[in-house]
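Worksheet: one structure, shown below.
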Amino acid sequence: MTTAVFTNSIGNSPSVSKSAFPAISNEAGWRCHGNLWSDLPEVCELLRIPAPAASATEEVLFQHVRYKAGQRIHTIGQDFETLYIVNSGFLKTVLIDEYGNEQVLSFPMKGDLLGIDGIHNQQHASEAVALSDCDVILLPYKTFSALGRTYAELEQAMFSVMSRELVREQIMIGMLSALSAEAKVARFLTTLGERFSQLGYSGKSFNLRMTRHEIGSYLGLTLETVSRTLSAFNEMRLISVDQRQIALLDISALKTLRRLPPAKARSKVSEKVSALVGKSLLPQWSKEVAVALN
């Protein structure tokens, strides 16, 4: 399967050799009209980075591949050749131990970059699995390297994207070590809402594509703890839960929550919730602590 194609106009450029960028075939040119390919400016827009100024880059095309829910984008130990950009859909990346146990590492969504774990040893260290039907753009690493040598600003922008992914992972590691189980779930929900909002969707009401078990694996919690915490949040009107549909009702309280009060105290709060609409239902952290965790 061809993963990226380039027109002769690029190949004839004095700064880029023909051997680096083969010419586009007639078949590929026809398929381009079926929205199975994206040019470089479109890819840069998806990654939220500036595209190179050279107009010739508009002729550089990258292939889209569709995956059904449950299909693997790449597997552990697979030879590294390609970076992947999520155009639509929802995925998970996981580590799998010798006994087949999964540790969820991330939940990539639109605009996220996958596959950078393969650069070090030229083999993927994790596995990426579609949680919903997905559309993924393939970015061959050799192509990226060649473009980076030609357009230095593109290489720098791509390194920025990779760094962004690493920073997100570091924030998660810090959260797992610093917060209580209830606070982890609360922060997960609000962070997910913020990411949906950044993509132009509702940040207050959304559908969880992952299971409770996958959330627990990601947060270092058991399935029972995640389910119990979501039920408690629902009971206290911090969220409403309808199977996988989540509505965030008190984002401020969720962001500053330390831990849940005892069950008896939660029951009293639930009885008085109608009188407390618009007010915080939980003890709040100091502003200094809240800022430090945001």
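Nothing fancy with the numbering, it's 1 onward along the sequence. The analysis underlying the following values was restricted to heavy atoms, covering all of them including side chains, and did not include hydrogens, waters or symmetry mates.
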> If you measure from OG1 on T229 to CG on L238, what distance do you get to the nearest 0.5 Å?
Replying inline: 11.5 Å

> Hey, which of L113, V136, V161 is the one that makes side chain to side chain contact (heavy atoms under 4.5 Å, CB included) with I85?
Replying inline: L113

>> Assess whether a salt bridge exists between R195 and D112, defined as any Lys/Arg side-chain N lying under 4.0 Å from an Asp/Glu carboxylate O.
In response: yes

> In terms of hydrophobic clusters joined by side-chain contacts under 4.5 Å, are L199 and M210 together?
Replying inline: yes

>> I need the minimum non-hydrogen distance between C44 and L154, along with the two atoms involved.
In response: SG-CD1, 3.9 Å

> Do any N or O atoms from the side chain of E165 and from the backbone of M162 form a donor-acceptor pair under 3.5 angstrom?
Replying inline: no

> Would a line drawn from the ring center of F206 to the ring center of Y201 be shorter than 6.0 Å?
Replying inline: no

> CG of L221 to CD1 of I215: how many Å apart, nearest 0.5 Å?
Replying inline: 10.0 Å

>> Checking I76 against I96 for the side chain to side chain contact (heavy atoms under 4.5 Å, CB included) test, could you report, in this order, the C-alpha distance in whole Å, the side-chain angles of both residues, the deciding distance, and whether it holds?
In response: CA-CA 8 Å; I76 296 173; I96 303 176; 4.0 Å; yes

> Taking atom types as modelled and ignoring hydrogens, do the side chains of Q245 and S205 form a donor-acceptor contact shorter than 3.5 angstrom?
Replying inline: yes

> Taking a hydrophobic cluster as the set of Ile, Leu, Val, Met, Phe, Trp and Tyr residues connected by side-chain heavy atoms closer than 4.5 Å, whether directly or through intermediates, do L223 and V104 fall within one such cluster?
Replying inline: no

> How many angstroms lie between atom CD of Q63 and atom OG of S38, to the nearest 0.5 angstrom?
Replying inline: 11.0 Å

> For E214, which of R209, R244, K92 qualifies under salt bridge (Lys or Arg N to Asp or Glu O under 4.0 Å)?
Replying inline: K92

>> Measuring from atom CG of L248 to atom CZ of F196, what distance do you get when rounded to the nearest 0.5 angstrom?
In response: 10.5 Å

> Heavy atoms, side chains only, cut-off 4.5 Å: are V241 and S231 in contact?
Replying inline: no

> Just wondering, do C134 and R66 contact through their side chains at under 4.5 Å, heavy atoms?
Replying inline: no

> Where does the angle between the aromatic ring planes of H74 and H124 fall among parallel (under 30°), tilted (30 to 60°) and perpendicular (over 60°)?
Replying inline: parallel

> Which heavy-atom pair separates L257 from A183 by the least distance, and what is that distance?
Replying inline: O-CB, 3.5 Å

> Just by modelled atom types, is the E224 backbone N or O under 3.5 Å from a matching donor or acceptor in the S227 side chain?
Replying inline: no

>> Has D97 got a side-chain atom pairing as donor or acceptor with Y99's backbone, closer than 3.5 angstrom?
In response: yes

